[in-house]
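Each remark here refers to the structure printed beneath this line.
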Amino acid sequence: MTARFTPAEAKPFALHPDRLFPADPVTRAIARRLYSAVADLPIVSPHGHTDAAWFAEDRPFPDPARLFIVPDHYVHRMLYSQGIAPETVGVPRLDGGPVEQDPRAIWRLFASNFFLFRGTPSWLWLNHAFTTVFGVEEQPSADNADRLYDIIAEALARPEFRPRALFERFNIEALATTESPLDDLRHHRAIRDSGWKGRVVTAFRPDPVVDPDFPNFSANLAELGRITGCDVASWRGYLAALADRRAYFKTMGATSTDHGHPSARTADLPASEAEALFDRVKGGQAAPADAELFRAQMLTEMARLSLADGLVMQIHPGSRRDHNPWIFKTFGKDKGCDIPGPTDYVSALKPLLDRFGNARDLTIILFTLDETAYSRELAPLAGCYPALKLGPAWWFFDSPEGMKRYREAVTETAGFYNTVGFNDDTRAFLSIPARHDVARRCDCAFLARLVAEHRLEEDEAFEVAQDLAYRLVKAAYKL
Amino acid sequence: MTARFTPAEAKPFALHPDRLFPADPVTRAIARRLYSAVADLPIVSPHGHTDAAWFAEDRPFPDPARLFIVPDHYVHRMLYSQGIAPETVGVPRLDGGPVEQDPRAIWRLFASNFFLFRGTPSWLWLNHAFTTVFGVEEQPSADNADRLYDIIAEALARPEFRPRALFERFNIEALATTESPLDDLRHHRAIRDSGWKGRVVTAFRPDPVVDPDFPNFSANLAELGRITGCDVASWRGYLAALADRRAYFKTMGATSTDHGHPSARTADLPASEAEALFDRVKGGQAAPADAELFRAQMLTEMARLSLADGLVMQIHPGSRRDHNPWIFKTFGKDKGCDIPGPTDYVSALKPLLDRFGNARDLTIILFTLDETAYSRELAPLAGCYPALKLGPAWWFFDSPEGMKRYREAVTETAGFYNTVGFNDDTRAFLSIPARHDVARRCDCAFLARLVAEHRLEEDEAFEVAQDLAYRLVKAAYKL
Amino acid sequence: MTARFTPAEAKPFALHPDRLFPADPVTRAIARRLYSAVADLPIVSPHGHTDAAWFAEDRPFPDPARLFIVPDHYVHRMLYSQGIAPETVGVPRLDGGPVEQDPRAIWRLFASNFFLFRGTPSWLWLNHAFTTVFGVEEQPSADNADRLYDIIAEALARPEFRPRALFERFNIEALATTESPLDDLRHHRAIRDSGWKGRVVTAFRPDPVVDPDFPNFSANLAELGRITGCDVASWRGYLAALADRRAYFKTMGATSTDHGHPSARTADLPASEAEALFDRVKGGQAAPADAELFRAQMLTEMARLSLADGLVMQIHPGSRRDHNPWIFKTFGKDKGCDIPGPTDYVSALKPLLDRFGNARDLTIILFTLDETAYSRELAPLAGCYPALKLGPAWWFFDSPEGMKRYREAVTETAGFYNTVGFNDDTRAFLSIPARHDVARRCDCAFLARLVAEHRLEEDEAFEVAQDLAYRLVKAAYKL
């Protein structure tokens with residue numbers, strides 16, 4: 001035995017038709033039948049982070065490294081955990097310091113360390129994209145790095161690999177991006193004006209103007225005032241400005257908002273206290289407790305506005321952002337060092353739920369990075385409040401085991417119909433078909449087990465499979 | 001694809017002989033063999049909430065809606081989570097306001113939304129009862145609602161569907177109800193006096209007189225004094241009154257007490273402090289910290305009394321009661337809006353365990369709604385203190401996945417013999433056979449996996465299966 | 001049905017070649033193939049609690065009871081949880097009070113209660129040792145107790161059952177013991193001087209001199225000063241003394257340190273504050289907050305020293321030691337009453353990680369007794385910081401279900417290559433082959449499922465299986 005981990009030879013990758021189905025032949029056969037009814041349904045992607053400019057401009061993607069490696073924090077995070085510096089795979093430094101610029105060199109480093117992704121969803125997503133989009137049937141390795149690079153680079157230069165062509169090839173019925181209230185949505189406007197039929201809508205993500213800890217919060221408020229013409233120095237004017245931007249986002253197709261807070265805490269302060277709190281935080285020097293309380297109050301304000309304008313509300317709480325100060329200082333936000341922690345829902349959401357939880361015209365979709373909350377808090381809450389629904393397994397749990405645990409933890413208390421189908425939540429456009437396929441297969445695998453164990457009739461499972469893959473997401477997100 | 005979720009057609013339901021067994025043929029065959037040895041064992045139900053009056057009076061159950069829907073918070077909670085108001089399924093309003101009175105209309109609404117229960121234990125329990133008790137072999141739906149209603153209503157009018165007949169048909173060897181110390185147990189007395197052989201015993205649930213936050217706590221104390229003739233204005237008299245009622249409950253067959261506290265906190269105060277605390281809370285205006293401390297102290301007092309009188313002590317902690325204020329205000333307690341939260345055991349139980357944990361003549365049975373405690377705290381505690389045993393998967397986890405996770409989390413540290421068999425904990429009398437059957441099948445499925453993986457010999461598994469289904473519960477509860 | 005639990009007859013035990021593999025034939029066949037490639041690899045045991053004196057002196061083990069029962073807190077803890085007093089199985093009392101001295105009587109009591117271990121890893125380990133080491137093919141019971149005792153006792157008297165012979169028979173390539181900095185490592189020196197080729201190394205466990213709550217902390221410091229000649233009354237001298245002992249431990253083969261703290265809290269105080277803190281705690285009367293802060297600071301100091309001397313750092317946090325005061329008072333530490341509680345990592349480790357988390361030449365191996373941290377905190381942290389690796393499933397989770405949950409929770413975020421192979425962490429020498437075999441089988445079972453579900457190619461799984469069984473542990477621990 002040598003101590004070498006890195007395999008020299010390329011490993012095959014076969015996109016097996018039974019992938020992700022349980023091995024037991026009876027269960028697998030049921031899963032196959034269920035999956036065959038949902039495999040070709042259009043993709044509805046109600047929450048994600050693709051760039052609207054791609055579809056507005058429809059330019060070719062640059063090169064394999066800048067498509068698959070540089071922007072994907074799942075990829076460079078794993079490499080970094082094994083000591084491979086972000087600079088060496090082209091992640092730009094904030095100080096403009098030297099980083100690898102040669103995409104082929106970046107690709108080689110990635111390929112020769114591809115074995116690190118074994119057992120992770122990146123292995124599934126990347127192999128799926130390489131195979132289905134580019135026809136590659138082996139895994140990246142030191143040996144085949146150059147050859148694979150050439151195949152992908154050559155393809156990307158062709159018209160059928162441009163964003164709009166791929167959007168159509170991926171059979172995407174609707175795709176939501178996520179923008180700040182300060183975004184002018186010019187790309188969405190351009191898409192609309194272009195006459196292209198692809199449905200790309202925005203979603204309203206107000207963190208930059210509702211979270212006092214957001215970088216440049218005070219300047220963001222000023223910009224919000226400038227854009228809307230509202231007096232954002234006043235609480236009332238600030239709320240009006242937010243309502244105004246929500247209305248504008250709706251004209252660009254938005255059907256939802258999204259809120260990424262460190263906790264799920266909500267508050268329902270008397271107006272005068274809320275106003276005083278706003279006055280304390282608006283200057284950008286909020287005390288930590290005030291910042292937390294303001295975010296809490298703003299969730300309730302947003303719910304109030306959602307009840308008025310019909311936007312579906314998503315809450316993504318529980319991530320301690322930028323845990324690694326060196327990575328944050330050197331490379332900036334969203335570089336894979338956001339670490340979850342325990343997240344309370346049952347107390348945290350109470351003020352909001354006391355006010356709006358019984359509203360039947362409101363939809364609040366909850367996500368979690370603390371899986372312990374699923375069976376203990378989230379399923380009981382969603383199984384009790386008409387306004388609440390459960391989002392799919394998120395982020396670290398957008399994976400076969402994560403999805404399996406999600407259904408096992410949630411279904412017995414909340415059922416299937418208090419869930420909302422799948423979100424890919426990704427900026428990795430080429431992973432979207434893979435991710436939806438994984439979700440559909442995992443749901444069919446779960447349903448197949450229920451059928452095999454006589455806990456659901458097979459004809460019911462067919463209906464549920466279609467609901468989970470297509471109908472629920474359209475209904476919940478009004479898409 | 002349409003966006004319709006509600007199926008118009010009735011779905012079949014077959015009570016498959018292999019239900020809940022793993023699909024793998026080897027494991028399933030073992031599970032079948034194990035189950036065949038326990039399937040027909042009598043039911044011992046040591047903890048539940050059926051109404052002793054049913055067995056005392058033996059009147060027919062009213063109608064399908066008032067039997068299956070109106071009193072079952074699993075049912076109307078799920079419906080409400082999807083926006084179906086409790087009034088429309090006949091849940092009485094506290095203010096006497098209008099609610100649906102027509103049982104057939106309630107039944108139709110339930111039937112046409114039965115698909116919401118897919119994947120939940122209610123689906124199992126209800127289908128089991130419809131099939132085994134009433135011979136129905138299709139699931140309720142809009143199409144068959146009236147027909148099913150008629151079948152069930154007609155049956156309920158017949159003598160063999162009265163409570164005592166069903167008790168016997170269900171092969172119940174012993175059934176415990178749960179009563180307040182203020183209850184005069186007249187129904188239990190009536191059962192005993194009637195000469196009927198069915199064993200229905202009470203259990204002592206002192207929350208109304210030991211929890212200062214219980215509605216009407218102070219008046220409850222006064223009533224306790226009146227009943228017992230003790231001076232409940234004094235700490236000593238109060239404890240004497242509780243001992244007195246425990247003794248009375250024992251004459252009506254009680255072998256256990258039950259304690260439903262928001263946390264598992266215990267205390268072991270010096271007598272003078274306990275007395276002073278009692279003086280602070282007895283008037284019914286306890287500060288929250290005093291109320292919590294008093295409940296904590298009373299668990300230790302109850303353990304002390306249990307050591308004296310032999311009643312087995314059950315602790316059901318961790319539910320935040322009445323989370324939804326609108327539901328609570330409109331419909332009252334126990335309407336499905338009790339939401340669990342994180343529950344500490346390792347610190348919380350220490351004062352009680354320091355005092356009584358090593359007592360070999362005391363049995364304290366612990367339950368949890370926070371599954372994370374099973375492997376981290378509860379199994380290690382039960383695997384170390386002679387006085388502690390683990391209750392079965394409870395409430396939201398009285399379900400196939402919940403039971404599976406329970407055995408997987410608990411067994412490797414606490415073994416099988418620090419657990420106590422199954423509790424149905426239900427007021428839904430007709431679900432009792434279904435619930436015990438689910439538990440037996442799930443335990444056999446777990447054991448079958450151990451045997452198939454050569455982690456237990458099959459002849460051992462036969463013994464364990466019988467212990468889990470019958471012997472352990474009788475021994476732990478002294479029934 | 002009788003209420004008897006204790007079976008009179010002995011049950012067979014067959015060490016089945018497919019034990020611990022999933023029952024599904026396709027998956028099992030893959031698991032078998034993978035296992036065949038790792039079954040005979042040497043054992044590398046980088047962390048444990050065997051006694052170096054065994055290998056230095058190579059005396060026969062005393063008798064079956066003193067080998068298998070008296071020192072094994074898994075065994076007497078389970079017996080005690082069922083009311084069997086530690087004295088009756090020979091656990092010595094601190095007060096020298098009477099305990100059972102007859103090994104055969106102890107063995108009989110154990111044997112007649114062996115059924116209590118069903119479903120626990122002790123069942124696996126003990127049966128494995130009885131079978132593979134002593135050729136016994138039935139489980140201990142009241143019936144066969146004497147016969148089994150005789151077989152084992154007779155074998156232990158033979159040369160081939162002495163420690164060194166078993167070490168070689170077990171195919172152990174390297175075995176680490178754990179010693180206090182105050183230990184003179186005379187047994188390790190004796191092993192080395194003996195010319196025996198078995199590799200037994202020490203590991204540096206400084207709790208006695210870095211935890212102010214450790215019994216006799218102040219006296220321990222004095223002893224540390226005496227041994228090293230350093231001025232341990234000063235912070236600087238104290239740190240120098242620790243560095244000195246680490247260097248000495250390295251000469252006796254140490255490649256790692258180990259830290260057993262009640263929490264994972266770390267601190268990175270300015271030198272002057274650390275010095276002042278040391279002055280407050282060194283006298284042995286530390287306030288609880290100071291004691292906790294000092295332990296926190298010392299983890300960071302230890303990381304600093306590890307960066308200098310290359311010792312790999314292990315952190316084993318989260319156990320509330322000696323929960324049962326009667327057991328502690330009567331029998332002392334480490335008697336099976338250490339109970340885990342919720343353990344925070346994401347905040348607790350931040351000071352240490354801010355300082356050293358990005359160091360590529362440092363290895364910190366994290367363990368947990370709070371499984372909820374695996375997917376929520378530990379896998380994300382290990383998937384982000386180059387210095388962090390995840391230790392295997394520990395203590396209560398060194399078991400088939402525990403290992404399964406560990407891989408399922410960890411792999412999708414941290415991959416396989418941020419884990420470090422298996423630790424047996426045991427003082428039960430004869431269980432070492434069983435424990436490593438269980439780990440290898442469970443890892444192969446997990447990998448086989450990935451292959452069967454087409455989530456990994458089989459030739460990749462072969463590489464990973466060998467990495468998990470052998471290569472990763474050698475690399476991570478520098479053995």
Side-chain angles (χ1 to χ4, degrees), chain A residues 22-27 30 41-42 342 344-347 350 353-354 357-358 360 372-373 375-377 379-386 388-389 407-418 446-450 452-457 459-461 463-464 466-467 470-472 474-475, chain B residues 1-5 7 9 11-25 77-78 80-85 115-124 139 318 320 323-327 336-343 369-372 396-402 404-405 445:
Chain A
D24 168 69
V26 171
T27 315
I30 300 167
L41 290 177
D344 164 64
Y345 292 87
V346 69
S347 309
K350 197 161 191 321
L353 293 175
D354 283 356
N358 294 292
R360 285 170 224 182
T372 68
S375 68
R376 185 183 58 215
E377 298 171 47
L381 287 168
C384 157
Y385 284 97
L388 291 186
K389 295 280 179 289
R407 290 286 173 211
E408 290 171 355
V410 154
T411 308
E412 295 186 321
T413 296
F416 291 108
Y417 294 91
N418 286 307
F446 179 74
L447 289 165
R449 185 161 72 86
L450 296 190
E453 297 177 359
H454 307 287
R455 296 157 62 185
L456 197 68
E457 299 289 341
D459 58 358
E460 294 180 282
E463 291 177 356
V464 176
Q466 292 172 348
D467 293 337
Y470 185 77
R471 293 187 197 113
L472 279 164
K474 282 177 68 82
Chain B
M1 299 281 303
T2 72
R4 181 176 56 80
F5 301 137
E9 321 98 63
K11 294 292 180 287
F13 175 75
L15 200 67
H16 198 285
D18 286 334
R19 64 191 182 279
L20 297 167
F21 296 156
D24 168 68
R77 166 195 172 97
M78 177 61 88
Y80 182 59
S81 76
Q82 290 279 313
I84 296 166
F115 72 101
L116 296 174
F117 297 97
R118 289 169 178 168
T120 74
S122 295
W123 186 98
L124 292 169
Q139 299 185 41
R320 278 63 170 166
H323 192 273
N324 188 325
W326 179 78
I327 290 283
C337 295
D338 301 338
I339 310 287
T343 304
L369 295 171
D370 178 357
E371 295 182 292
T372 67
F396 297 109
F397 309 118
D398 177 10
S399 56
E401 301 298 326
K404 178 172 177 285
R405 289 197 296 270

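Here is the naming used below: chain letters follow the sequence lines, and residue numbers restart at 1 for every chain.
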Is there a side-chain contact between R376(A) and E371(B), using heavy atoms and a 4.5 Å cut-off?
-> no

Measure distances from A461(A) to the heavy atoms of chain B and classify the residue's part below 4.5 Å as side chain, backbone, both or neither.
-> neither

Chain B shares the most heavy-atom pairs under 4.5 Å, among V464(A), L381(A), T372(A), with L381(A)

F13(B), part contacting chain A, at a heavy-atom distance under 4.5 Å | both

Side-chain touch M78(B)/N418(A), heavy atoms, less than 4.5 angstrom = yes

Check step by step if salt bridge (charged side-chain N to carboxylate O under 4.0 Å, His left out) holds for E412(A) and R405(B).
-> CA-CA 13 Å; E412(A) 295 186 321; R405(B) 289 197 296 270; 5.1 Å; no

Choice from F117(B), F21(B), W123(B) maximising heavy atom contacts with chain A below 4.5 Å = W123(B)

With a 4.5 angstrom heavy-atom cut-off, which part of A373(A) approaches chain B: side chain, backbone, both or neither?
-> neither

Among N358(A), D344(A), L450(A), who wins on heavy-atom pairs under 4.5 Å with chain B?
-> N358(A)

Using 30° and 60° as the class limits, which term best fits the ring planes of Y417(A) and F115(B): parallel, tilted or perpendicular?
-> perpendicular

Side chain / backbone / both / neither for Y80(B) at chain A, heavy atoms under 4.5 Å | both

Toward chain B, the part of L447(A) with a non-hydrogen atom under 4.5 Å = neither

Close side-chain approach of F446(A) and E408(A), heavy atoms under 4.5 Å = yes

Pick whichever of G336(B), C337(B), P12(B) has the most heavy-atom pairs under 4.5 Å with chain A.
-> P12(B)

Let me know if A14(B) has heavy atoms under 4.5 Å from chain A in its side chain, its backbone, both or neither.
-> both

S399(B) versus chain A, heavy atoms under 4.5 Å apart: side chain, backbone, both or neither?
-> both

Chain B shares the most heavy-atom pairs under 4.5 Å, among G357(A), P386(A), A409(A), with P386(A)

Carboxylate-amine/guanidinium proximity below 4.0 Å for E457(A) and K11(B) = no

Is it the side chain or the backbone of L353(A) that comes within 4.5 Å of chain B heavy atoms, both, or neither?
-> side chain

Which pair of non-hydrogen atoms, one from A23(B) and one from A452(A), has the smallest distance, and what is that distance?
-> CB-CB, 3.9 Å

Heavy-atom contact with chain A under 4.5 Å, split by part of I339(B) | both

Name the member of D459(A), V26(A), T27(A) that forms the most heavy-atom pairs with chain B at distances under 4.5 Å.
-> D459(A)

Side chain, backbone, both or neither: which part of R455(A) has a non-hydrogen atom closer than 4.5 Å to chain B?
-> both

salt_bridge(E401(B), R449(A)) N-O dist < 4.0 Å | yes

When rounded to the nearest 0.5 angstrom, what is the spacing between OG in S375(A) and CZ in F397(B)?
-> 3.5 Å

Kindly indicate whether the side chain of P380(A), heavy atoms from C-beta on, has any atom under 4.5 Å from the side chain of R77(B).
-> yes

